[in-house]
Amino acid sequence: MKQKTTSWKVICLFFFIYPPIGIYLLVRKLIAQKRNYTAAGNILKTIGISIMCIFTLALFTAFLEGNLADEPAIAVCVLVFLIAAFIIGGGFLTAKGQDYIKRGKRYERYKSIVTISGNGSIDAIASAFPASYEAALKDLEKMIDGGYFENCYIDYGARTLVMPGLGGTRYDPQPVAIRCSYCGAEGHAVPGKGMVCEYCGKELK
């Protein structure tokens with residue numbers, strides 16, 4: 001399943017309106033393409049801390065030097081609000097960055113366990129992590145949706161991660177939607193198995 005991401009137009013719009021959100025949306029879009037949560041988390045955290053430090057310093061400097069004393073009250077309030085908004089935005093980026101770093105390390109650990117053990121049992125994967133079955137299942141579902149595992153699905157009845165090459169699991173390719181190149185009708189076929197269109201009788205490719 002392909003993850004939905006924010007359009008480039010919306011990202012550019014937020015860069016002008018409120019850069020912290022624009023930065024977050026940009027990094028989130030790049031994650032969907034590269035699936036590298038740890039690197040993206042480090043970037044978000046670094047930018048977030050930098051924004052907080054810069055604007056906190058600017059706020060303190062403005063008050064300590066008395067630059068705001070001669071300005072109208074409304075102008076001062078607006079300026080303080082804008083600076084505070086960027087400080088809050090930096091805190092948001094820092095928090096999301098830390099969350100992405102933790103998630104990236106967690107996903108890499110799951111992937112390593114599955115690859116090294118060759119065991120698709122979710123109970124075994126959860127035990128090796130260690131985590132509860134429910135937590136492991138939730139993470140594995142997100143990893144599959146994010147493209148961490150190719151040609152993979154979860155057999156909920158057998159509590160198993162099913163994918164080619166995993167010992168102790170039977171890989172049953174799932175039917176995918178295919179449009180007939182002859183009559184245009186949509187049918188379903190299992191990859192690697194010959195299927196014919198139920199409308200015109202031609203082979204689905």
Side-chain angles (χ1 to χ4, degrees), residues 1-7 11 20-52 88-178 188-195:
M1 183 185 297
K2 189 177 180 180
Q3 287 184 315
K4 293 183 179 180
T5 58
T6 309
S7 69
I11 293 174
I21 297 299
I23 293 169
Y24 166 67
L25 293 176
L26 173 62
V27 173
R28 186 179 179 186
K29 188 176 185 70
L30 295 177
I31 286 175
Q33 297 173 349
K34 301 296 184 180
R35 300 192 298 272
N36 195 338
Y37 280 93
T38 303
N42 284 322
I43 292 173
L44 277 180
K45 189 175 179 180
T46 300
I47 294 175
I49 292 175
S50 299
I51 290 175
M52 284 194 297
I88 293 172
F92 169 76
L93 291 179
T94 303
K96 292 302 295 185
Q98 188 62 36
D99 176 63
Y100 280 173
I101 291 172
K102 290 180 179 179
R103 189 185 307 183
K105 291 180 178 179
R106 194 166 69 246
Y107 286 0
E108 288 303 320
R109 180 167 173 76
Y110 277 117
K111 189 173 182 179
S112 177
I113 290 171
V114 171
T115 302
I116 295 174
S117 69
N119 189 348
S121 168
I122 298 178
D123 289 291
I125 295 171
S127 177
F129 189 81
S132 66
Y133 170 82
E134 290 75 17
L137 176 63
K138 185 177 180 180
D139 280 337
L140 290 172
E141 287 174 336
K142 290 181 179 179
M143 290 177 71
I144 292 173
D145 287 343
Y148 276 82
F149 299 117
E150 298 292 337
N151 300 319
C152 174
Y153 66 94
I154 292 176
D155 185 336
Y156 292 93
R159 298 164 70 97
T160 302
L161 181 69
V162 182
M163 62 185 293
L166 283 187
T169 66
R170 181 173 60 87
Y171 177 62
D172 297 320
Q174 300 299 291
V176 296
I178 299 178
H188 289 78
V190 175
K193 293 186 178 181
M195 299 288 287

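The structure presented is a predicted model; accordingly, all values stated were derived computationally and were not measured.
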Exercise for review: Take Ile21 and Phe92, measure what side-chain contact (heavy atoms from CB on, under 4.5 Å) needs, and give me the verdict at the end.
Suggested key: CA-CA 9 Å; Ile21 297 299; Phe92 169 76; 4.1 Å; yes
Review point. Which heavy atom in Tyr100 sits nearest to a heavy atom in Gly41, and how many Å separate them?
Key: CB-CA, 3.7 Å
**Study point:** Qualifying salt bridge (charged side-chain N to carboxylate O under 4.0 Å, His left out) pairs, either residue in residues 104-121, two or more places apart
**Key:** Arg106-Asp139
Exercise for review: Would you please name every residue forming a side-chain contact (heavy atoms from CB on, under 4.5 Å) with Ala128, sequence neighbours left out?
Suggested key: Ile113
Review point. If you round to the nearest 0.5 Å, how far is CG of Asp145 from NZ of Lys142?
Key: 10.0 Å
Check your understanding: Once you round to the nearest 0.5 Å, how far does OG1 of Thr46 lie from CG of Leu93?
Key -> 11.0 Å
Practice item. Quick one: do Tyr153 and Leu161 satisfy side-chain contact (heavy atoms from CB on, under 4.5 Å)? Show the steps, please. Key: CA-CA 6 Å; Tyr153 66 94; Leu161 181 69; over 6 Å; no
Practice item. Could you tell me whether Lys45 atom NZ has more than 12 heavy atoms of other residues or ligands within 6.0 Å of it? Key: no
Point to revise | Approximate separation, where rounding is to 0.5 Å, of Thr38 OG1 and Lys102 NZ | key: 13.0 Å
Exercise for review: Would you indicate whether the side-chain heavy atoms of Ile101 and Asn42 approach each other to under 4.5 Å?
Suggested key: yes
Review point. Would you call Arg159 and Asp155 a salt bridge, using N to O less than 4.0 angstrom?
Key: no
Check your understanding: Got a second to check how far Thr160's OG1 is from Asp123's CG, nearest 0.5 Å?
Key -> 8.0 Å
Practice item. First locate atom CE of Met143, then atom OH of Tyr107, and finally report the distance between them rounded to the nearest 0.5 Å. Key: 7.5 Å
**Study point:** Distance-minimising heavy-atom pair for Ala136 and Ala126
**Key:** CB-CB, 3.7 Å
Check your understanding: With a 4.5 Å heavy-atom cut-off, do Glu141 and Ile154 have their side chains touching?
Key -> yes
Exercise for review: Look only at the side chain of Thr94 and the backbone of Ile49, and say whether a donor-acceptor pair between them is shorter than 3.5 Å.
Suggested key: yes
Review point. If you round to the nearest 0.5 Å, how far is CG of Leu26 from CD1 of Ile43?
Key: 9.0 Å
Point to revise | Stepwise side-chain contact (heavy atoms from CB on, under 4.5 Å) check, Val162 with Cys152 | key: CA-CA 6 Å; Val162 182; Cys152 174; over 6 Å; no
Practice item. For residues Ile51 and Ile23, report the shortest heavy-atom separation together with the two atoms involved. Key: CD1-CD1, 4.3 Å
Point to revise | Which atom of Leu140 lies closest to which atom of Phe149, heavy atoms considered | key: CD2-CE1, 4.0 Å
